[in-house]
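Report on one structure; see the data block that follows.
Computed from heavy atoms alone, side chains included, the values below leave out hydrogens, waters and symmetry copies.
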Amino acid sequence: MPAGFRSEPLGQHDRSAFSCGVPTLDSYFHERAGQDQKRKLAAPYVLVENDSGTIVGYYTLSSCSIQPANLPTTMTRRLPRYQEYPAILIGRPALDRRFQGRKLGRRLLFDALHRCLVLSSQLGAVAVVVDAKDATARAFYEHVGFIPLESHDLKLYVPMGTISGLLGAEAPSANTR
């Protein structure tokens, strides 16, 4: 995590000033993230500025599955022939407008990937999945190392075995959680 910031599960944070500029992401965070957390539909995490307590960004984690037909045979030939494979979905990543353009989006994604890697040692997951909102977001994810699913133009994945290499020196220590 960059100096001056911490990542933590959504709690009693003041969400009122958060605005990423995408109305659906803002309204989800203000109105539904806490409810989804209570109902165990998603686990929201926030990136917080240490000094001010300001929420810089957020994302959610939830379980999902991938059908084998959406993965390349190079990946599925090493897996048992199941109807679906378990995965972790990184949902609704968003940065507050005041913090955009400072490469914190990449840090937020890498924080999510680190959490997914840790979770994969506790539950089954062969990959991490993201839904890109548009072609620009897709290009961002592809640049980081995500691969488009076979039949979904804006849904991408990265195999769990690839994440350690992606994180490299940027991986936050598990002790800083």
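A 4.5 Å side-chain heavy-atom check between V158 and L113 finds at least one atom pair inside the cut-off. Side-chain contact between D96 and V56: absent, with no pair of heavy atoms (C-beta onward) separated by less than 4.5 Å. Between H30 and S16, the closest side-chain pair of non-hydrogen atoms is not below 4.5 Å. For the pair S7/R115, a side-chain contact is recorded, criterion being any heavy-atom separation below 4.5 Å from C-beta on.
Residue L117 is grouped with residue L119 when hydrophobic side chains (ILVMFWY) are merged at heavy-atom distances under 4.5 angstrom, including chains of intermediate members. Criterion: ILVMFWY side-chain heavy atoms under 4.5 Å apart, direct or through other members. Under it, V130 and V126 are not part of a common hydrophobic cluster. Side-chain heavy atoms closer than 4.5 Å link hydrophobic residues (I, L, V, M, F, W, Y) into clusters, and following such links, even through other members, never connects I147 to L166. A chain of hydrophobic side-chain contacts below 4.5 Å, direct or via other Ile, Leu, Val, Met, Phe, Trp or Tyr residues, connects I90 to F140. Under the 4.5 Å side-chain heavy-atom criterion for grouping Ile, Leu, Val, Met, Phe, Trp and Tyr, F18 is not connected to F99 through any hydrophobic cluster.
Annotation for A127 and Y157: closest pair CB-CD1, 4.2 Å, computed over non-hydrogen atoms. Minimum heavy-atom separation, Q100 to L95: NE2-O, 2.8 Å. The two residues C64 and I88 come nearest to each other via the heavy atoms SG-C, 4.0 Å. In terms of heavy-atom proximity, P93 sits nearest to L25 at O-CD1, 3.9 Å. Of all non-hydrogen atoms in V128 and C116, the two that sit nearest each other are CG2-CB, 3.6 Å. The minimum heavy-atom distance between I66 and L71, with the atom names listed, is CG2-CG, 3.7 Å.
Atom CD1 of residue I163 and atom CZ of residue F110 lie 10.0 Å apart, to the nearest 0.5 angstrom. Considering CG of D131 and CG of L154, their distance stands at 8.0 Å, rounded to 0.5 Å.
Side-chain atoms of E142 do not come within 3.5 Å of backbone N or O of P148 as any donor-acceptor pair. No side-chain donor-acceptor contact under 3.5 Å links S120 to the backbone of A125. Side-chain atoms of D26 come within 3.5 Å of backbone atoms of C20 as a donor-acceptor pair (strictly under, hydrogens ignored).
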Could you list the donor-acceptor pairs under 3.5 angstrom formed by side chains in residues 34-49, with sequence neighbours left out?
| from | atom 1 | to | atom 2 | distance (Å) |
| --- | --- | --- | --- | --- |
| D36 | OD2 | Y28 | OH | 2.8 |
| Q37 | NE2 | L10 | O | 3.0 |
| E49 | OE1 | S52 | OG | 2.6 |

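The pair R107-D111 does not count as a salt bridge, with every side-chain nitrogen at least 4.0 angstrom from each carboxylate oxygen.
No donor-acceptor contact under 3.5 angstrom links the side chains of R98 and T54, judged on distance only.
Q83 CD: 12 or fewer foreign heavy atoms inside a 6.0 Å radius.
Ring-plane geometry between Y58 and F29 is classed as parallel, the angle between the planes falling under 30 degrees on a 0 to 90 degree scale with a further cut at 60.
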